[in-house]
Participant: 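Have a look at this one.
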Amino acid sequence: MVPNLKHRPSDLATLSALETRALLACARNLRASPTATTERALRGKNLCLLSATQNHPGAALLIRAATGLGAHVACVPPSLSASSSVDEVQHTARLLGRLYDGVACAGIPSELVRRIAADANVPVFDGIAAPDHPIIRLADQLGDNNSAQDNERLMIQALLLCALS
């Protein structure tokens with residue numbers, strides 16, 4: 001069973017045991033699936049990587065994970081800051097929600113990510129490819145059959161499938 005994470009808060013630190021098991025199972029299924037199947041899983045989906053730089057740690061991993069499932073990733077530099085007005089954040093979040101199926105934020109303050117998530121009306125992820133993110137820490141539970149980076153990619157892909165499909 002794949003959990004529906006479309007309406008989860010941007011903070012995934014509170015995944016239930018059931019959601020955790022389901023994400024791990026989804027990642028294991030991705031590892032076992034033929035490439036042709038997984039390459040089309042998110043075809044037609046558009047993901048925004050909201051980051052000041054593509055060189056942010058984890059940006060390449062996130063891009064590889066999303067494009068590996070067929071999603072298109074647009075790298076967008078943020079025009080918002082922690083001091084942005086409520087109206088400016090709402091307007092930008094709503095625009096992102098109309099343009100993209102999901103928004104991944106990297107190197108953006110968590111409070112600002114929460115403000116964006118409140119108005120975007122699409123899944124908004126806070127640093128899902130960062131080394132200290134709960135999703136990345138789950139990669140250790142996938143076993144030693146793959147490299148650590150492959151396991152991290154599989155966990156991100158599992159999350160994207162649960163949130164965007």
Side-chain angles (χ1 to χ4, degrees), residues 1-51 54-76 93-108 113 116-117 119-165:
M1 178 178 112
V2 177
N4 180 347
L5 299 176
K6 286 185 184 196
H7 302 290
R8 287 280 300 192
S10 59
D11 179 14
L12 292 167
T14 58
L15 287 174
S16 70
L18 178 64
E19 290 169 328
T20 299
R21 284 193 304 273
L23 281 170
L24 286 165
C26 183
R28 288 183 182 111
N29 287 340
L30 284 168
R31 180 172 53 196
S33 295
T35 306
T37 304
T38 59
E39 287 179 352
R40 294 188 306 265
L42 293 180
R43 180 182 282 164
K45 299 290 184 177
N46 295 301
L47 181 68
C48 172
L49 173 57
L50 198 59
S51 177
Q54 287 184 354
N55 297 331
H56 190 276
L61 177 61
L62 176 66
I63 292 168
R64 193 167 48 257
T67 58
L69 293 172
H72 175 76
V73 180
C75 298
V76 178
R94 289 177 183 151
L95 180 62
L96 291 171
R98 285 192 298 271
L99 294 174
Y100 301 101
D101 299 293
V103 178
C105 300
I108 296 174
V113 174
I116 293 169
D119 290 302
N121 206 27
V122 295
V124 177
F125 307 104
D126 188 0
I128 61 173
D132 60 340
H133 194 279
I135 293 296
I136 297 300
R137 291 194 306 259
L138 284 176
D140 293 338
Q141 296 180 33
L142 288 178
D144 297 333
N145 296 344
N146 290 347
S147 69
Q149 193 168 27
D150 280 343
N151 284 343
E152 291 169 357
R153 176 186 49 80
L154 288 167
M155 287 307 306
I156 293 169
Q157 287 179 325
L159 176 62
L160 292 174
L161 279 173
C162 291
L164 300 180
S165 58

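One is the number of the first residue; the rest follow in order along the sequence. Side chains included, hydrogens not; waters and symmetry mates left out as well; all remaining heavy atoms used.
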Participant: Measuring from atom CG of Leu154 to atom CZ of Arg31, what distance do you get when rounded to the nearest 0.5 angstrom?
Facilitator: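 The CG atom of Leu154 sits 6.5 Å away from the CZ atom of Arg31.
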Participant: Measuring only between side-chain heavy atoms, which start at C-beta, is Phe125 closer than 4.5 Å to Leu160?
Facilitator: yes
Participant: Might you point out which heavy atoms bring Pro123 and Ala163 nearest each other, and give the distance in Å?
Facilitator: CG-O, 3.4 Å
Participant: Provide the closest heavy-atom pair for Leu164 versus Gly102 in the form atom of the first, atom of the second, distance.
Facilitator: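 Distance-wise, the nearest heavy atoms are CD2-CA, 3.9 Å.
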Participant: Looking only at heavy atoms, what is the nearest atom pair of Ala104 and Leu62, with distance?
Facilitator: CB-CD2, 3.4 Å
Participant: Identify the heavy atoms of Pro131 and Ile136 that sit nearest to each other, and give their distance.
Facilitator: O-CG2, 3.8 Å
Participant: Are the side chains of Leu96 and Val122 in contact, using a 4.5 Å heavy-atom criterion?
Facilitator: no
Participant: Keeping the roles fixed (side chain from Ser147, backbone from Asp150), state whether a donor-acceptor pair exists under 3.5 Å.
Facilitator: yes
Participant: Any side-chain to backbone donor/acceptor pair from Asn151 onto Gly143? Under 3.5 Å, distance only.
Facilitator: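 Side chain of Asn151 to backbone of Gly143, a donor-acceptor pair under 3.5 Å: yes, one is there.
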Participant: Kindly determine whether Arg153 and Gln149 satisfy side chain to side chain donor-acceptor pair (under 3.5 Å), including the steps that lead there.
Facilitator: CA-CA 6 Å; Arg153 176 186 49 80; Gln149 193 168 27; over 6 Å; no
Participant: Tell me the closest heavy-atom pair linking Gly44 and Asp101, and the distance in Å.
Facilitator: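 Shortest heavy-atom contact: O-OD2, 3.9 Å.
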Participant: So how far is it from His133 NE2 to Ile128 CD1, rounded to the nearest 0.5 Å?
Facilitator: 6.5 Å
Participant: Among residues at least two apart in sequence or on other chains, which ones pass side chain to side chain donor-acceptor pair (under 3.5 Å) with Glu152?
Facilitator: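 Result, side chain to side chain donor-acceptor pair (under 3.5 Å) vs Glu152: none returned.
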Participant: Okay, side chain of Arg98, backbone of Ala93: is any donor-acceptor separation there less than 3.5 Å?
Facilitator: no
Participant: As an exercise, state the distance from CD1 of Ile108 to CD1 of Ile116, rounded to the nearest 0.5 Å.
Facilitator: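 Taking CD1 in Ile108 and CD1 in Ile116, the distance rounds to 5.5 Å.
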Participant: Could you state the interatomic distance from CG (Leu47) to CG (Leu42), rounded to the nearest 0.5 Å?
Facilitator: 9.0 Å
Participant: Between Asn46 and Leu99, which heavy-atom pair has the shortest distance, and what is it?
Facilitator: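 For Asn46 versus Leu99, the nearest heavy atoms are CB-O, 4.2 Å.
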Participant: Side chain to side chain contact (heavy atoms under 4.5 Å, CB included) between Cys105 and Val124: does it pass, once the steps are laid out?
Facilitator: CA-CA 7 Å; Cys105 300; Val124 177; 4.0 Å; yes
Participant: Just verifying a value: how many Å separate Lys45 NZ and Leu161 CG, rounded to the nearest 0.5 Å?
Facilitator: 10.5 Å
Participant: If you look only at distance, which donor and acceptor atoms sit under 3.5 Å apart when one is on a side chain in residues 21-30 and the other is two or more places apart or in another chain?
Facilitator:
unit_1: Arg28; atom_1: NH2; unit_2: Gln141; atom_2: O; d: 2.8
unit_1: Asn29; atom_1: ND2; unit_2: Ala25; atom_2: O; d: 3.4

Participant: How long is the span from the CG atom in Leu159 to the CD atom in Glu19, to the nearest 0.5 Å?
Facilitator: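 Between Leu159 CG and Glu19 CD, I get 10.5 Å after rounding to 0.5 Å.
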Participant: Does Glu39 use its side chain to pair, donor to acceptor, with the backbone of Leu69 at less than 3.5 Å?
Facilitator: no
